[in-house]
Amino acid sequence: MSLLLAFLIACSNGPSAPAATPSPAPAAAAHADAGVKPGSHEDWCAEHAVPESQCTLCNPSLAAAFKATDDWCEEHGLPESHCKKCNPELKIERPAKLQ
Ligand SMILES: [Zn+2]
Ligand SMILES: [Zn+2]
């Protein structure tokens, strides 16, 4: 018997995997709840790293307001003020959490 085969057999006789895997913790909220105060710490889209109240990716209906103020990157489909592809230095800071 080869050593490799012996090893595989030994392994297959080992303790079986735990039956109950711990359920994953609820994922941190990626998106703000409806009704949060715009500009607050809670008003944040973690997925797109912009304030949720300004996230045109989550709320495409917001795009019109940006287009109306000429703040729109047609190429990337984002407000120009959110477009990191056009503005690599851009950093949108999440508002600090108020105690
Ligand atoms: Zn978003
Ligand atoms: Zn762009």
Side-chain angles (χ1 to χ4, degrees):
M1 191 191 291
S2 74
L3 277 175
L4 180 61
L5 189 56
F7 178 71
L8 289 175
I9 290 170
C11 275
S12 65
N13 289 336
S16 56
T21 49
S23 56
H31 302 281
D33 292 331
V36 298
K37 192 160 154 266
S40 69
H41 176 79
E42 286 72 28
D43 177 29
W44 189 252
C45 174
E47 189 179 347
H48 303 116
V50 295
E52 185 76 45
S53 62
Q54 298 175 26
C55 186
T56 55
L57 296 168
C58 290
N59 300 297
S61 61
L62 295 173
F66 286 97
K67 288 176 182 172
T69 58
D70 241 347
D71 181 10
W72 191 253
C73 174
E74 205 61 61
E75 188 182 348
H76 301 117
L78 282 172
E80 190 65 43
S81 58
H82 292 181
C83 188
K84 291 184 179 136
K85 293 187 176 99
C86 291
N87 308 289
E89 302 290 299
L90 182 69
K91 216 170 168 3
I92 301 172
E93 299 274 0
R94 181 174 187 170
K97 187 169 193 150
L98 298 174
Q99 296 301 320

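Both counts, for ligands and for their atoms, begin at 1 and track the order of listing. These numbers come from a predicted model, not from an experiment.
If you take SG on Cys73 and CG on Asn87, they are separated by 8.5 Å, rounding to the nearest 0.5 Å. Rounding to the nearest 0.5 angstrom, the gap separating the NZ atom in Lys85 from the CD atom in Glu75 is 9.0 Å.
Of all protein atoms, those that are N, O or S and lie under 2.8 Å from the Zn ion (ligand 1) total 4.
Taken together through direct or relayed side-chain contacts under 4.5 Å among Ile, Leu, Val, Met, Phe, Trp and Tyr, Leu90 and Trp44 form part of one hydrophobic cluster.
Here the rule is side-chain contact (heavy atoms from CB on, under 4.5 Å) with Glu42, and of Lys37, Lys97, Glu52 only Lys97 fits it.
Near-neighbour remark for the Zn ion (ligand 2): protein N, O or S atoms under 2.8 Å are Cys73 SG, His76 ND1, Cys83 SG, Cys86 SG; waters not counted.
Residues Leu62 and Ser53 have side chains not in contact (no heavy-atom distance under 4.5 Å, counting atoms from C-beta outward).
Shown here is Lys67, whose NZ atom has more than 12 heavy atoms of other residues, nucleotides or ligands within 6.0 Å. Environment of NZ in Lys84: crowded, with over 12 heavy atoms of neighbouring residues, nucleotides or ligands closer than 6.0 Å.
Considering every non-hydrogen atom in both Pro95 and Ser40, the closest pair reads CG-O, 3.6 Å. Of all heavy-atom pairs between Leu78 and Cys83, the closest is CD1-CA, 4.0 Å.
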